[in-house]
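This report refers to the structure that appears directly beneath it.
Proteins come first, then strands; the chains are lettered A, B, ... in the order of their sequence lines, and each starts at number 1.
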Amino acid sequence: MTARHLPLVDEGALPYEHPLYETLLSIPGLSVVTAPLDALLTWGTKNALWVFPMATSCCGIELMAAAASRVDLDRMGTIIRATPRQGDVMVVAGTITVKMAPRVKLLWDQMPEPKWCIAMGSCAISGDFYRDLYPVVPGVDTFMPVDVYIPGCPPNPEALMHGLLRLQEKIGLRREGKLTQAEYRPGLLDLTKPRVGRLGDVTRDAGLSDAQLEDVSDMTRRDLAEESSEIVPRAEPVREAIASSSQEIEALLRDDFGVTEFPKDAAPLVSRGDHRRLAHRLRALGYAQLIYVVATHFPAKKTDPERFEVAYALRSIGRKSTVVAWRVALAADETIASIVGVFAGADWQEREQFDLVGVRFEGHPDLRRILLPADWSGHPLRKDYAADTAHPPWR
Amino acid sequence: MNELVHGALYGTLIATAILSTIAMGIWFERKFAGRMQQRLGPTIVGPAGLLQPFADIIKLLQKEDIVPRDADRGLFDLAPILAVVCSLGVAAVIPFSPSIIASDLDVGVLWVLGIGGLMVIPTFAAGWGSNNKFALLGAMRAIAQSVSYGVPLVLAVLVPVVLSGSLSISGIVAWQAQHHWFAVWPIVPGLPAFVIFFLAMLAESNRIPFDIPEAESELVAGITTEYTGAKFTLFYMAEYVHTLVGSALGAALFFGGWDGPFAPGLHWMVLKTLTLFVLIYWVRWSLLRFRADQLMRLCWTWLTPIGVALLLVSAAWVTFGGTN
Amino acid sequence: MGYFNDTAKALRTTMVNAFREPVTQEFPLVIRPRAERFRASFALPDDEHGEVACIGCLACERICPSRVIKMKSGGKKDSPVTGKKRAYIDEFVLDLSACIGCELCVQVCNSDAIVMVRQPEVPAFAREDLVLDMEKLRANAKLKTASWGTGTRLQEMQEPPKAEKPAVAKASPATETAPAPAPAKETV
Amino acid sequence: MESIPFGLAALVTLFSALRVVRSPNLVHAALWLGLALLGTAALFAVLGASFLAGVQVLLYIGGVMTLTLVGIMITRRHDGLNVPAESIGHVRAGVVSVALFAVLAWAISATPGLDAAPLGPDATTQDIGHALVGTHVLAFEVVSMLLLAAMLGAIVIARRKDPAPHAVTHLHVPATAVREAAE
């Protein structure tokens, strides 16, 4: 049997080479004094596990419930501290995405030793059924050590407390120098094994070095530093104008924008050149709220070339609120005029469409990726995007 | 020289007593808070969770000491020590019985106000020295807050000074023992002055509803955001010491200190102090936090004018109404 | 003035609460009653002859949205108990670490060979510990209480009422007037 | 015997006063100032003027220090508080300091009654009170008026309206956007 899954910090094997320590060890009978002291220190460590919550999704709710009256984590001395400096246990509760992971690692590194990590729920343990998706980290133990895994989707508050009790058990076992890991049974984990090795593995993938993680965080940091200082002028609130009826809009589109087709089941197609002007006109008519900007990718077929469609919808605010929507068709290499100057709310939405679909918005003040890390390759909502496209270090 | 020995002896005793009381105070607070939320509070560590504060402290002392790279090392290290020193220093002039007092200063009230006012310096040093934006925001809030609560605090404390005609706290207590407790009689300047004092003291010891510098939901952990292990323990202790000493001060200034029938003075002083201490925690776990501007408005537009009025009333009382 | 009233109210509420019975249930000592359909882990129960009931039809492996079930069919053999020929499994592995507890595997199982149990697994020190192999799953069936849902029950529950469809289609109400009994809900 | 605490307090005061001037970091300078003021209070206390010591702590450290810190916090950028501590005219400053010291020393030594027995340490508070509102009431009131005038002046300066009030910038719309919207 190969000891593939080593304990992450084997304290028994740590070389204590300080001369003072050696001298002290040679004093006979010293252990009579140190053993109770050590027991006291372990007791303190075990019984005051303060939680630093890393709650990103539904498991976080159970974490809150565990601190509430029914289960009451305070009974075992566990309180929740919001700063990593005062936490002992990081409870990762929720799906960790590729963009989130460097932050989680950063916060983990900010916690003072001795520290532990609990992976709460399937998403934190293995990425759950999102684990093959492009943005999801297949288990937090791919980039940081995990001490206790609490199964469940989500685990209930009692299970979290059980996990903390297990952690106490583990702290005690480690102090006594006992191995706390399961016997490795090859093949068991191949079932859901992520494609990269884990931190505790001897066979760990070199692609998952700390240096690389550092790179990723550096990248995002740089990304923040480059934030554009240009201020997008906010559009003037239009209060007087009253939203028009759909006939009027139809007439407007037909007369001024040359739209001839009004399909029953879709928004009318507006030409690429007229689109920004239309947004202005509609805003002046009282359609002051931008509901969405959605881009869709249509891959090349036998008859049609590859193309994009960007759909917009506006709402008039008021008692008789109405919605008007339109589409713009783009060829594969065409760009579309940004409407950020008309609707400030389009800023992030257009960035999101650029990020995920890859449509370029002409005149956008700050067209960068918004959801994915800056070094991501490709646009995942394109139909031709391969789900397992490599993204270091996780895929 | 004799006085020096006396001071050192009693000072050590009082400091030890306070520090061991706050260990129990932490336990009590957690139990009390738990019961107020229909929880149990600590139950597992020790009988009824009594050993929980000790476990906390043992754990905290074992934690790694992290100093942020760009922190102002000197201030960062100095702040927690200063906080404990300032909060314990106030206790030096509080009489716990006619004889148990570390130093019976002639100007005890000034000492209390001065040292209490110094608390803003460790807070500021911690916030600024951490090189952390949340800590810095906490420090800025602490200073703005201290400018606001300082004036009503001084005005409220001056009421017993004027009524008793003494600046020494043991003198004030002795006066009350001979006449009436100030919270009871004369009730008009006495009781409102105590309320103002209580509010200002909550603000000074950063307790809810005025824990604006620490505001956990906004500022992560406020000024203590970057503190780990032992240094955080000091801050944690200083907070409780400050609250306890503040309660003792309130008991001495407005509730007659060690004065009381049947039992020796120390019993009464401890009882009164702990009652105020419990009151503070009751308030802490019941109310919401004020916004910084709300606190300032409260202090400047309500407490300060009322304090001035009370001071005038008490001066008039002394001039026209006699002393009892 | 409103603030003072609210403050008084808050102080009263907390003080009243302080003298009420706490609602906390001390977890390791007292386990809160789990609902009948509470489900936390899995078990492979035996059939009425004391053999493992699973016949390796792969239905659960195929339906699992997280793809956590892997099994190896053992082919048809003569049963040592009944002497009849039936299918067996060689291996059955379920990775709890990525399971979402959707119960679909239970629902599609026609032979009630996989059920969920109400007692959760113990939080593990290693991810491998959360992988339930056949040994562990069969032990679970003996040690833990099964949840209400089994394949047949869930299927029955979710079937459309049987009597109405033919009645409408034939349009001859004379023959079939008696409506089918409502699907049995609580039979435990 | 009594000169040891005095000397210690004086040393601390001098050292921190020096650091106030020499410290390149404004916040450090402010905090050293606090220590210098505390040292002064200690000097008062050593000399038996405990009331003055208390007032010194209360007003100067509790009040002035805090206001200085407020001033630093609200006016400076907090990331780089370093200011050049190098003074431009060492020589001139030195000359002025020495001259000032000489004048003060002469004035003090020329004051009559220095050899008189020191005031008893007790009852200083009451004495000061009586002196303030009895013997020296005129001076006291004049100083009060001066302080009142200073405070009023400060309030007037602080509340003076800016001659050119800033437009509400976040609602500012460029003219082109309006024109475009109107077309």
Side-chain angles (χ1 to χ4, degrees), chain B residues 1 4 70 72 74-75 78-79 82 86 89 93 103-125 127-133 135-151 153-154 157 161-162 165-168 171 204, chain D residues 1-2 5 19 23-35 37-38 40-42 44-45 48-82 120-129 133:
Chain B
M1 217 57 219
L4 224 83
D70 293 335
D72 194 323
L75 290 183
L78 191 67
L82 264 188
C86 287
V93 293
S103 169
D104 190 3
L105 265 193
D106 186 27
V107 286
V109 169
L110 285 184
W111 170 268
V112 161
L113 293 173
I115 300 294
L118 283 189
M119 260 313 269
V120 72
I121 290 176
T123 310
F124 173 78
W128 193 81
S130 297
N131 193 34
N132 176 310
K133 62 182 146 195
L136 186 71
L137 280 173
M140 291 180 75
R141 288 180 178 198
I143 290 179
Q145 181 173 337
S146 84
V147 172
S148 320
Y149 71 69
V151 179
L153 181 68
V154 170
V157 169
V161 170
V162 167
S166 166
L167 262 182
S168 127
E204 191 181 74
Chain D
M1 195 60 205
E2 273 184 1
R19 293 302 303 259
S23 180
N25 188 322
L26 209 50
V27 170
H28 285 182
L31 291 172
W32 279 116
L33 178 67
L35 191 58
L37 294 171
L38 199 65
T40 318
F44 284 140
S50 50
F51 181 80
L52 272 188
V55 169
Q56 172 86 12
V57 173
L58 185 62
L59 288 188
Y60 280 88
I61 307 181
V64 173
M65 260 289 294
T66 311
L67 286 177
T68 312
L69 291 179
V70 171
I72 292 173
M73 297 295 265
I74 62 178
T75 53
R76 283 282 178 159
R77 283 174 61 89
H78 306 114
D79 44 358
L81 268 174
N82 289 345
D122 293 334
T124 46
T125 315
Q126 283 208 340
D127 287 352
I128 291 173
V133 293

How many angstroms lie between atom CD of D:Q56 and atom CG of B:L110, to the nearest 0.5 angstrom?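 Between D:Q56 CD and B:L110 CG, I get 12.0 Å after rounding to 0.5 Å.
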
To the nearest 0.5 angstrom, please state how far the CD1 atom of B:I115 sits from the CD1 atom of D:I61.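 CD1 of D:I61 is found 7.5 Å from CD1 of B:I115.
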
Of the backbone (N, CA, C, O) and the side chain (C-beta and beyond), which part of D:L67 lies under 4.5 Å from a heavy atom of chain B, both, or neither?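 The answer is the side chain of D:L67.
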
For B:E204, what residues pass the side-chain hydrogen bond (donor to acceptor under 3.5 Å, both in side chains) criterion, not counting sequence neighbours?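 Listed in chain order: B:H242.
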
Got a sec, which residues hit side-chain hydrogen bond (donor to acceptor under 3.5 Å, both in side chains) with B:S168, two or more places apart in sequence or on another chain?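 Partners of B:S168 by the side-chain hydrogen bond (donor to acceptor under 3.5 Å, both in side chains) criterion, ordered by chain and then number, come out as B:S170.
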
Please determine, among D:V57, D:L31, D:L69, D:T66, the option with the most heavy-atom pairs under 4.5 Å with chain B.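 Looking at each of D:V57, D:L31, D:L69, D:T66 in turn, D:L69 comes out on top.
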
Give a yes or no on this: more than 12 heavy atoms of other residues, nucleotides or ligands lie within 6.0 Å of atom CZ of D:F44.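 Atom CZ in D:F44 is crowded, with more than 12 foreign heavy atoms closer than 6.0 Å.
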
Measure B:D72 against the heavy atoms of chain D and call it side chain, backbone, both or neither at under 4.5 Å.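 The side chain, not the backbone.
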
Given a strict heavy-atom distance threshold of 4.5 Å, which part of B:L113 is in contact with chain D: side chain, backbone, both, or neither?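 Both the backbone and the side chain of B:L113 come within 4.5 Å of chain D.
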
Winner by heavy-atom pair count (cut-off under 4.5 Å) against chain D, out of B:V120, B:D70, B:L75: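 Heavy-atom pairs under 4.5 Å are most numerous for B:L75.
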
